Engineer: 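What follows is a structure written as C-alpha cells; I'll ask about it next.
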Amino acid sequence: MSAALYPTRLWWCASSGRGIARHEGVEVQLHHRPPVMLPLGPLAELEYLPGLGVQYVQPRTGARQDLLPHQAQECLTYLRAVALAARTAADVGAALLRSEDGDR
C-alpha cells in the first residue's frame, strides 16, 4: 500500500535533501532534517510511519535500526507541533484576509 494513504508520517532522506511531515490533515514538505533524535548526529534516513508499522532511523555512519519507543514519541511530538503551527498560521492568514476585506 502507498505511504500516502496514511495520515501520520515523518520521513527524511539526506541524499535527496527532502522529507515529509504529515499529521492531522497537515502535510509539510521538508527541505532540512527535522529536529528529532539530534544526539544520533547526521542521519541518512528516517521513517516514522506507524500506520504501516514502519519505524526506523539510519545514522549516516551506521546501520538502519528500529526506533526505540522514546524516539517514536519524539517523532509524534514533532509532528503534532508542525500540524499545530501550520493550522495556527492558516488561522492567522484567514484573519488577516478578513480584516483586509473589512477595510474596503
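It should be emphasised that the depicted structure is a prediction, and the values quoted were computed from it without experimental measurement. Any value given below was found using the heavy atoms of this structure, including those in side chains, with hydrogens, waters and symmetry copies removed.
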Engineer: Measure the OG-CZ distance between S15 and R60 for me, rounded to the nearest 0.5 Å.
Structural biologist: 12.0 Å
Engineer: Any carboxylate oxygen within less than 4.0 angstrom of a Lys/Arg side-chain nitrogen, looking at E24 and R87?
Structural biologist: yes
Engineer: Given Y56, which of E45, Q65, E47 fulfils the side chain to side chain donor-acceptor pair (under 3.5 Å) condition?
Structural biologist: E45
Engineer: Report yes if the side chains of L46 and W11 come closer than 4.5 Å at any heavy-atom pair, otherwise no.
Structural biologist: no
Engineer: Output the distance between atom OG1 (T77) and atom NE2 (H70), rounded to the nearest 0.5 Å.
Structural biologist: 12.0 Å
Engineer: How far does CG of L40 sit from CD of Q58, to the nearest 0.5 angstrom?
Structural biologist: 11.5 Å
Engineer: Indicate yes or no: at least one non-hydrogen side-chain atom of P7 is less than 4.5 angstrom from one of H23.
Structural biologist: no
Engineer: How far does CZ of R22 sit from CD of E27, to the nearest 0.5 angstrom?
Structural biologist: 4.5 Å
Engineer: Less than 4.5 Å apart, side chain to side chain, heavy atoms only: is that true for V82 and L84?
Structural biologist: no
Engineer: Quick check: do I20 and L10 have side-chain heavy atoms less than 4.5 Å from each other?
Structural biologist: no
Engineer: Evaluate whether atom CZ of R18 has more than 12 neighbouring non-hydrogen atoms of other residues, nucleotides or ligands under 6.0 angstrom away.
Structural biologist: no
Engineer: Indicate yes or no: at least one non-hydrogen side-chain atom of L67 is less than 4.5 angstrom from one of M37.
Structural biologist: yes
Engineer: Measure the SG-CZ distance between C13 and R33 for me, rounded to the nearest 0.5 Å.
Structural biologist: 13.0 Å
Engineer: Check V57, L76, V54 against Y48 for a side chain to side chain contact (heavy atoms under 4.5 Å, CB included) and give me the one that passes.
Structural biologist: L76
Engineer: Can you find a heavy atom in the side chain of W12 that is under 4.5 Å from one in the side chain of V36?
Structural biologist: no
Engineer: Distance alone, cut at 3.5 Å: any donor-acceptor contact between the side chains of Q71 and Q73?
Structural biologist: no
Engineer: Hydrophobic clustering (ILVMFWY, side-chain heavy atoms < 4.5 Å, transitive) - are L38 and Y78 grouped together?
Structural biologist: no
